[in-house]
Protein chains: 2
Amino acid sequence: MQIGELASKCGVRIDTVRYYEKQKLLIPSGRTEGGYRIYSGVALRELRFILRAKSLGFTLKEIQELLTLKIDRENQPCSSVKELAETKIKDIEEKLAELGRIHQALTGITEACCGGEEPATACSILDALDKEDS
Amino acid sequence: MQIGELASKCGVRIDTVRYYEKQKLLIPSGRTEGGYRIYSGVALRELRFILRAKSLGFTLKEIQELLTLKIDRENQPCSSVKELAETKIKDIEEKLAELGRIHQALTGITEACCGGEEPATACSILDALDKEDS
DNA sequence: CTTGACCCTAGACTTAACTCCAGGGATAGG
DNA sequence: CCTATCCCTGGAGTTAAGTCTAGGGTCAAG
Ligand SMILES: [Zn+2]
Ligand SMILES: [Zn+2]
Ligand SMILES: [Zn+2]
Ligand SMILES: [Zn+2]
């Protein structure tokens, strides 16, 4: 399989595949005489692994660690894998908490705004952003 | 007030203040003979406005729009302000939903992992990322 | 007058994850 | 042989919001 087929099977661009290679995430099984990259079914599986991990919020750097563990599964403990996952979960929970805080604050000041066509001289949103305290 | 005082009063770096100026968010009231920027209390207030808007998730570009509305409050309708806020709220809600989805998926596959010291040959996390379907 | 703290500019660098480009080579079909 | 479609490399550009650097000027105190 050439790079174009691999990419289209996974719904990514060719450049992305080459980029993953540069990041040492996905090495082609070989090259043709002319220098074309060739990929096996293993590579296809690995690319899907990468994309699934990405969709769960892992960065490419973290995916590298996951792949390292996966390749050597027999000698790596579950605890290492779980640690990566739990760290990521904590990241996500922090982001959720922060976003929730922002959401609450913003809906609070927005609900108080009439949203009408009269001048915004007493707009609750502008007032909240411009207030003296904080 | 010079730039250093303004910056430290707001807890930002001098470079940040100059960056905001380059983005047309915060123009100094004037310059000394030697070329030093001078800021008034109005600028201080405006910088705080910018920082508050930022803490609510607005980008600098959006803050520019907010400032434009604020400067001309008398002639701008509440509806314009509220629209900006509501768009931002929708953004945040989308991010919350996406993060929630990820969180759920990730906690699901993570809970099933024993996290022990035995080899990860049957680790639920690696399996979930490597599964055939999806 | 010298020192130290402050300030100036233009422009390069940072992060993450691509994306695009120029300028070419490979390969298959007709 | 010609053409279309694929592929190659190295390097530059993208986004957001700064951050840093080099090389210099300003200002107040002592
Ligand atoms: Zn109103
Ligand atoms: Zn309003
Ligand atoms: Zn286990
Ligand atoms: Zn496990």
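Reckoned from all heavy atoms, side chains included, excluding hydrogens, waters and symmetry mates. Each chain gets a letter, A, B and so on, in the order its sequence line appears, and its residues count up from 1.
- The pair D127(B)-K70(A) fails the salt-bridge criterion, with no side-chain N (NZ, NE, NH1 or NH2) lying under 4.0 Å from an Asp/Glu carboxylate O.
- For the pair K61(B) NZ and dG18(D) P, the interatomic distance rounds to 16 Å; values are reported in whole Å.
- Atom CD1 of I38(B) and atom P of dC6(C) are 18 Å apart (whole Å).
- For the residue pair R45(A) and D130(B), the shortest heavy atom distance occurs at NH2-OD2, 3.1 Å.
- Minimum atom distance to the side chain of T16(A) is reached by dC18(C), of the listed dC18(C), dG18(D), dC8(D).
- Atom OH in Y19(B) sits roughly 14 Å away from atom C1' in dC13(C) (whole-Å rounding).
- Along DNA chain C, the nucleotide closest to R13(A) and the one closest to Y36(A) are compared, and the more 5′ of them pairs with R13(A).
- Between I3(A) atom CD1 and dA26(C) atom C1' the separation is 15 Å, expressed in whole Å.
- Formation of a donor-acceptor pair under 3.5 Å by the E5(A) side chain with backbone atoms of Y39(A) is not found in this model.
- Counting to the nearest Å, the P atom of dA16(D) and the CZ atom of F58(B) are 16 Å from each other.
- Across all strands shown, R18(B) has heavy atoms under 4.0 Å from base atoms, whether or not it also approaches the sugar-phosphate.
- When the P atom of dC6(D) is taken as reference, atom CG of D15(A) falls 15 Å away, rounded to whole Å.
- With hydrogens and angles ignored, the 3.5 Å screen pairs no side-chain donor or acceptor of K88(B) with any backbone N or O of F58(B).
- Across all strands shown, Q2(B) has heavy atoms under 4.0 Å from sugar-phosphate atoms exclusively, and none from any base.
- A residue-by-residue look at Y20(A) and G35(A) shows that Y20(A) has its nearest nucleotide of DNA chain C further toward the 5' end.
- For dT9(D), the OP1/OP2 oxygens have a side-chain nitrogen or oxygen of R37(A) closer than 4.0 Å.
- As a whole-Å value, the separation of K22(A) NZ from dA17(C) C1' is 11 Å.
- Between T32(B) and the phosphate of dT26(D), there is no side-chain N or O to OP1/OP2 separation shorter than 4.0 Å.
- Checking I14(A) against G34(B), the closest nucleotide of DNA chain D that is more toward the 5' end is the one next to I14(A).
- Side-chain atoms of L60(B) and Y20(B), non-hydrogen and from C-beta on, do get closer than 4.5 Å to each other.
- Note: CE (M1(B)) to C1' (dC6(C)) measures 16 Å, nearest angstrom.
- Taking only side-chain atoms of R31(B), from C-beta outward, the nucleotide of dC8(C), dT9(D), dT19(C) with the closest atom is dC8(C).
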